[in-house]
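Each remark here refers to the structure printed beneath this line.
In what follows, every chain begins at residue 1, and chains take the letters A, B, ... in the order their sequences are listed.
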Protein chains: 2
Amino acid sequence: MALPHAILVSLLEQAGSGYELARRFDRSIGYFWAATHQQIYKTLRTMEDDGWVHVDVVVQQGRPDKKVYGVTDGGRAELRRWIAQPLTGKGSAVTDARTRELAVKIRGATYGDVDALRDQVVALRSERARQLDTYLGFEKRQFPDPSALDGPGLHQYLVLRGGILAEEGSLRWLDEVLTALGGTA
Amino acid sequence: MALPHAILVSLLEQAGSGYELARRFDRSIGYFWAATHQQIYKTLRTMEDDGWVHVDVVVQQGRPDKKVYGVTDGGRAELRRWIAQPLTGKGSAVTDARTRELAVKIRGATYGDVDALRDQVVALRSERARQLDTYLGFEKRQFPDPSALDGPGLHQYLVLRGGILAEEGSLRWLDEVLTALGGTA
DNA sequence: TATAGCATGTAATATGTTACATGATTGA
DNA sequence: TCAATCATGTAACATATTACATGCTATA
C-alpha cells in the first residue's frame with residue numbers, strides 16, 4: 001500500500017491537517033492516488049501510532065481545532081526504506097497498482113535513493129513492454145482484419161485495443177522518467 | 001462494482017467453473033479487471049444467492065467435483081440493466097474505476113443496449129478531455145521550462161506528465177471505441 | 001436563505017489480498 | 001522427485017466507500 005507513504009511525501013513538502021491533505025490529494029498526488037478524508041483521518045491515526053508523524057493541535061475560533069501533522073525522523077526513515085524497496089503492488093491489469101506506487105515514489109524521490117528508484121523504473125518498464133508484446137501478439141493472431149469485425153468479436157477487439165493503448169502510454173511515460181532521472185539507463 | 005458483471009459476460013460467452021473463470025481473467029477481461037480465485041468463488045456464491053447464475057455439478061474422478069456455472073434469465077436481465085445504467089465508479093484518478101467499468105460494458109455490449117452504452121462513452125470522453133485540459137494548464141503555468149527543472153520540481157513534473165500521457169491514451173481509446181461503435185457521435 | 005468551505009470524526013458495509021488447507025494427476 | 005495444473009474452499013486481515021453526525025463562517 002502506498003497511501004501512508006503518499007501522505008509522508010505530501011507532509012514533507014508541507015505540514016498540514018487531514019482536511020488539507022484531502023484537498024491536496026484532489027489535485028497533485030490524486031493524479032494517481034485518490035483518497036477520501038475519512039480514509040486519510042484513519043491512516044493518519046495509524047501513522048501516529050507507528051511514530052511516523054506527530055501532531056500539533058492548533059486552536060481556532062469558530063471552528064474545530066486543527067490537527068497539523070508533521071513527519072518525524074521515524075517517518076522519514078520509513079519513507080527512505082520504502083522508496084528503496086522493490087514495488088510490491090499487483091501488476092496484472094492495465095490500471096495497475098505498481099504504476100501508481102511508482103508515481104508516489106517518484107514524487108518523493110528527493111527523500112530517498114534515486115539509484116534504487118531508477119532500478120524499479122527499469123524493471124517496471126520491461127514488465128510493461130512484455131505485456132504490450134503479449135497484447136500485440138493477441139491482436140495479430142486473433143484479429144488480423146479488424147475492419148471486418150462486428151458483434152462480440154468487435155467488442156473483444158476494442159477492449160484489447162484499450163489494453164494496448166494503455167501499455168503504450170505507460171511505456172512512453174517510463175521512458176520520459178528514465179531520461180529525466182538520467183544515469184546509466 | 002463490476003466484478004459480478006464481468007463474470008456474467010464471461011459466462012455468457014462460455015459457461016465454466018470458478019477455476020476456469022480465474023484463468024480467463026488472467027488473459028481476456030484481466031486487461032482491465034484482475035481477480036483472484038478466492039474472490040471469484042466468493043462472488044459466484046453471492047451471484048448464485050441473487051439468482052444470477054445456476055450451477056451444474058460435474059462429478060470427476062481423481063479431482064474435486066467441478067461446479068460449472070451458467071447465467072440465468074435473471075442474470076441476463078441484470079447485465080442488461082447494468083450496461084444501460086450510467087457509470088458508477090470513481091473517476092478521480094488516472095487509473096480510474098470508470099474506465100475499467102466501461103471496458104467490461106463494452107466487452108458485454110452484445111448483451112445490452114449499445115445506444116445507451118455509446119452515451120456513456122461520450123460522457124467519459126468529455127470528462128477525460130476536461131481532466132487533460134486541467135493537467136495541460138498545470139503544465140503550462142507551473143512548469144513553463146521543463147528542461148531547467150531538477151529536484152522536487154522535476155519529480156512533481158514527471159508525475160504530472162504521467163497523468164497527461166495516461167489521459168491522452170484514454171482519449172485515443174475512447175475515440176477508437178466511438179468510431180467503431182458508430183452511430184451519431 | 002441557501003450553498004460552499006472549514007474541520008473533525010464514527011459506523012457499517014463492500015471489496016480485495018494473503019495465508020493456509022486439501023489432494024489427485026501429469027509431465028520434466 | 002519436484003513442480004505445475006486442476007479444483008475447491010476458509011479465515012484473517014487490509015483497504016476503501018458510503019452514510020451519518022456536528023457546527024461555525026463566509027459568500028452569493
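For B/Tyr41, the ring-ring contact (aromatic ring centres under 6.0 Å, His included) criterion is met by B/His37, not counting sequence neighbours. The salt bridge (charged side-chain N to carboxylate O under 4.0 Å, His left out) test applied to A/Asp119 returns no partner, not counting sequence neighbours. The salt bridge (charged side-chain N to carboxylate O under 4.0 Å, His left out) check on B/Arg23 picks up nothing, with sequence neighbours excluded. Legend: residues meeting salt bridge (charged side-chain N to carboxylate O under 4.0 Å, His left out) with B/Arg125, ordered by chain and number and at least two apart, are B/Asp175.
Rounded to whole Å, atom P of D/dA4 lies 12 Å from atom OH of B/Tyr19. To the nearest angstrom, C1' of C/dA19 lies 16 Å from CD of B/Gln39. One atom, NZ of B/Lys42, and another, P of D/dA14, lie 14 Å apart when rounded to the nearest Å. For the pair A/Arg24 CZ and C/dG5 C1', the computed distance is 17 Å after rounding to whole Å. B/Asp65 has its CG atom 10 Å from the P atom of D/dG9, to the nearest Å. Computed from coordinates, the A/Leu21 CG to C/dC6 C1' distance equals 15 Å when rounded to whole Å. Taking atom CD of residue B/Gln60 and atom P of nucleotide D/dA7, one finds them 5 Å apart after rounding to whole Å. Counting to the nearest Å, the P atom of D/dT17 and the CG atom of B/Leu3 are 16 Å from each other.
Under the 4.5 Å side-chain contact rule for hydrophobic residues, A/Ile164 and A/Phe138 share a cluster.
Of all the residues in residues 43-59 of chain B, not one reaches under 4.0 Å from DNA chain C with any non-hydrogen atom. For the contact set between residues 7-18 of chain B and DNA chain D, defined by any heavy atom under 4.0 Å, the members are B/Ser17, B/Gly18.
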ask   = B/Leu44 and B/Leu21: side-chain contact (heavy atoms from CB on, under 4.5 Å), yes or no, with the steps?
value = CA-CA 10 Å; B/Leu44 279 171; B/Leu21 281 168; 4.0 Å; yes
Under 3.5 Å between N/O atoms: give me all the protein pairs with nucleotides 18-28 of chain D, atom names plus distance.
{"unit_1": "D/dA19", "atom_1": "N6", "unit_2": "A/Gln38", "atom_2": "NE2", "d": "3.0"}

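With the end axes of the helix from C/dT1-D/dA28 to C/dA28-D/dT1 each set by five pairs, the angle from one to the other reads 50° at 10° resolution.
Nearer to the 5' terminus of DNA chain C, by closest-nucleotide assignment, is the contact made by A/Lys67 (compared with the other of B/Ala35 and A/Lys67).
The structure places CD of B/Gln131 at 10.5 Å from CG of B/Leu171, a figure rounded to the nearest 0.5 Å.
Using modelled atom types, no side-chain atom of A/Arg128 and backbone atom of A/Glu167 make a donor-acceptor pair closer than 3.5 Å.
For residues 71-90 of chain A, the ring pair (Phe, Tyr, Trp, His ring centres under 6.0 Å) pairs, not counting sequence neighbours, are A/His5-A/Trp82. The side-chain hydrogen bond (donor to acceptor under 3.5 Å, both in side chains) pairs that include a residue from residues 144-159 of chain B are A/Thr110-B/His155, B/Asp145-B/Ser147, where partners are two or more places apart or lie in different chains. Annotation: side-chain hydrogen bond (donor to acceptor under 3.5 Å, both in side chains) contacts involving residues 64-77 of chain A, sequence neighbours excluded, comprise A/Glu20-A/Lys66.
Defined by atom type and a distance below 3.5 Å, a donor-acceptor pair is missing between the side-chain atoms of A/Tyr135 and A/Glu139.
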Donor-acceptor pairs under 3.5 Å, side chain of residues 46-53 of chain A to any protein atom, not counting sequence neighbours: which ones?
{"unit_1": "A/Thr46", "atom_1": "OG1", "unit_2": "A/Lys42", "atom_2": "O", "d": "3.2"}

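Ring to ring, B/Tyr31 and B/Trp173 are not that close: their centroids are 6.0 angstrom or more apart.
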